[in-house]
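Below is one structure; the comments refer to it alone.
This one's a predicted model, so the numbers in the text were calculated from it and none came from an experiment. Order of appearance sets the numbers: ligands from 1, and atoms from 1 within every ligand.
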Amino acid sequence: MSVKFRRSLLFASGALLAVAAFAVPVVAGTAAADPGAAGSGNQARIVGGEKASLADHPYAVYLTDAGGNQFCGAVIVSSTSVATAAHCAKAVAKQDIRVVAGREDKRTGDGQVLGVSKVWVSQGYTDPTKGGDVAVLTVRGQFGYRPAKLPDSGDAGLYAKGTQATVLGWGRIADGGARSDYLRSAQVPVVSDSECRTDYDVYDQRTMVCAGYAEGGVDACQGDSGGPLVVGDTLIGIVSFGDGCAKANRPGVYTRVSTYADDIEAQAKPRLLG
Ligand code: ARG
C-alpha cells in the first residue's frame with residue numbers, strides 16, 4: 001500500500017482517534033487562492049465553504065458522545081433514523097451516542113438531542129478505504145425535521161462527472177484544535193471514477209464516489225465524516241475519508257449512497273413490531 005494511504009488508514013481507525021490525533025497539515029480558508037498555504041494559522045473545517053442554514057438543509061445533524069463532544073456528522077433519512085459513516089458509528093458505544101438535530105450553532109441548546117436504540121453497520125465493513133462506510137442509527141423518539149431523499153434508479157445521472165454537490169458539516173478548525181461552531185457547507189463537483197482511481201489506489205467505484213477540484217481548496221475535513229453530500233435534497237454521498245483536506249488531486253471520498261439505498265431504506269423504516 002502506498003505511503004499516501006497510510007495516513008488515511010490512520011484516520012479510518014475511528015473518528016475520535018482522528019479528532020484526537022489531528023496534528024495533520026490542513027489547508028483552509030485562503031486555500032482556493034493558494035492550495036499550498038497550509039499551517040499558518042488557517043482554519044480547516046468544511047474547507048473553502050461558508051456558513052450554512054438548517055432552513056435549507058434541515059436533515060443535517062451531528063453526533064456527540066455522552067460528554068457532548070461532536071465527533072461526526074450524520075443525515076436524517078426517516079422520522080426515526082439517520083445515516084452516517086460506519087467508522088463514526090463504531091467510534092462511540094451505542095449507549096453514549098447522541099444525535100443533535102435542529103442546532104446550527106453548537107453553542108446553543110436549539111433543536112433536539114436524541115439517544116440511539118439501534119446501530120446497523122453495512123455488512124462486511126472493516127475500514128473506510130475498503131468501502132461499505134455506512135451505518136444507520138435508529139433514534140429514541142422522532143425527529144421534527146424533514147429527511148433527505150435517498151437516490152433511486154432515476155438518479156444515476158447525479159453521479160456524472162461535474163455534478164455540483166453540497167457537502168455539509170461541523171468539522172474541525174485546524175488552528176489550535178478548536179472546532180467549527182456553525183454548520184458549514186461547500187460546493188464540490190463530482191469527480192469521474194477514472195480520475196479518482198488515479199488519485200487514490202484504494203478507490204472502488206462501486207462503493208465510493210469522489211468530489212472536489214483537481215486544484216484542491218474546497219473539501220470536507222476531520223469531523224465532517226458521516227455528514228451528507230447532497231444534490232438538491234438527494235443524498236448521494238456520506239463523508240468517508242481523504243488524504244488530508246482540500247489538497248490538489250486528493251478529492252474527498254464519499255460512500256456511494258446509491259449502492260446502499262435499499263439497505264438504508266430497510267433500516268430507516270419505522271418498525272411497528274420487533
Ligand atoms: N475521516 C474524516 C472524519 O472522520 C473525514 C475526512 C474527510 N476528508 C476529506 N478530505 N474529505 O471526520
Side-chain angles (χ1 to χ4, degrees), residues 4-28 31 35 38 43-49 60-65 69-75 83-92 97 125-135 165-174 177 179-180 183-191 196 199-200 202-203 208-229 236-256:
K4 78 185 179 208
F5 244 94
R6 300 242 164 82
R7 199 150 52 167
S8 298
L9 283 170
L10 252 177
F11 287 131
S13 50
L16 282 187
L17 183 61
V19 163
F22 98 114
V24 203
V26 271
V27 186
Q43 295 184 325
R45 35 217 159 184
I46 286 271
V47 179
V61 302
Y62 63 85
L63 306 180
T64 77
D65 63 16
N69 303 298
Q70 185 260 338
F71 65 93
C72 270
V75 51
T84 187
H87 80 264
C88 292
K90 296 188 100 162
V92 171
I97 302 176
Y125 167 79
T126 53
D127 81 57
T129 64
K130 302 218 168 61
D133 193 12
V134 57
T166 303
V167 60
L168 293 148
W170 287 261
R172 305 275 307 193
I173 295 169
R179 295 155 194 239
S180 175
L183 173 63
R184 299 187 70 88
S185 72
Q187 310 302 314
V188 278
V190 170
V191 170
C196 202
D199 298 336
Y200 292 101
V202 297
Y203 181 68
M208 306 171 191
V209 60
C210 291
Y213 294 93
E215 66 270 32
V218 186
D219 197 4
C221 200
Q222 270 57 55
D224 289 324
S225 273
L229 178 71
I236 67 163
I238 293 173
V239 178
S240 181
F241 69 96
D243 178 5
C245 303
K247 287 159 67 173
N249 299 313
R250 294 293 182 272
V253 187
Y254 297 80
T255 304
R256 186 176 291 250

**Asked** What are the atoms of ligand 1, with element, lying closer than 4.0 Å to any heavy atom of Cys245?
**Response** 10 (N)
**Request:** May I ask you to identify, for Asp224, whether its side chain, its backbone, both or neither come under 4.0 Å of ligand 1 on a heavy-atom basis?
**Result:** backbone
**Asked** Counting heavy atoms only, which of Ala211, Ala220, Gly223 is nearest atom 9 (C) of ligand 1?
**Response** Ala220
**Prompt:** Can you list the ligand 1 atoms lying under 4.0 Å from a non-hydrogen atom of Cys221?
**Reply:** 5 (C), 12 (O)
**Request:** For the residue pair Leu229 and Val188, establish whether any side-chain heavy-atom pair is separated by less than 4.5 Å.
**Result:** yes
**Fill in**
Residue set satisfying side-chain hydrogen bond (donor to acceptor under 3.5 Å, both in side chains) with Thr255, at least two apart, ordered chain then number -> none
**Request:** Taking Tyr200 for its side chain and Gly242 for its backbone only, find out whether a donor-acceptor pair lies under 3.5 Å.
**Result:** no
**Asked** How would you list, by chain and number, every residue that makes a side chain to side chain contact (heavy atoms under 4.5 Å, CB included) with Ala89, sequence neighbours excluded?
**Response** Thr84, Val119, Val121, Ala135, Leu137
**Message:** Once you restrict to heavy atoms under 4.0 Å, what part of Ser240 touches ligand 1? Side chain, backbone, both or neither.
**Reply:** backbone
**Message:** Less than 3.5 Å apart, any donor N or O on the side chain of Thr64 or Gln70 sitting next to an acceptor on the other?
**Reply:** no
**Prompt:** Given that the side chain starts at C-beta and the backbone is N, CA, C, O, which of these parts of Arg250 lies under 4.0 Å from ligand 1, counting heavy atoms, or is it both or neither?
**Reply:** neither
**Prompt:** With Val239, which of Cys72, Pro228, Ser225, Pro128 fulfils side chain to side chain contact (heavy atoms under 4.5 Å, CB included)?
**Reply:** Ser225
**Under 4.0 Å to a heavy atom of Asp219 - the qualifying atoms of ligand 1, by number** = 9 (C), 10 (N), 11 (N)
**Asked** Mind checking whether Lys247 has a heavy atom under 4.0 Å from ligand 1?
**Response** no
**Prompt:** Of the choices Ser225, Gly216, Gly244, Gly73, which has the non-hydrogen atom that lies closest to atom 3 (C) of ligand 1?
**Reply:** Ser225
**Prompt:** For ligand 1, which atoms sit closer than 4.0 Å to a heavy atom of Gly252?
**Reply:** 11 (N)
**Item:** Check against side-chain contact (heavy atoms from CB on, under 4.5 Å), Leu168 and Leu183
**Value:** CA-CA 7 Å; Leu168 293 148; Leu183 173 63; 4.1 Å; yes
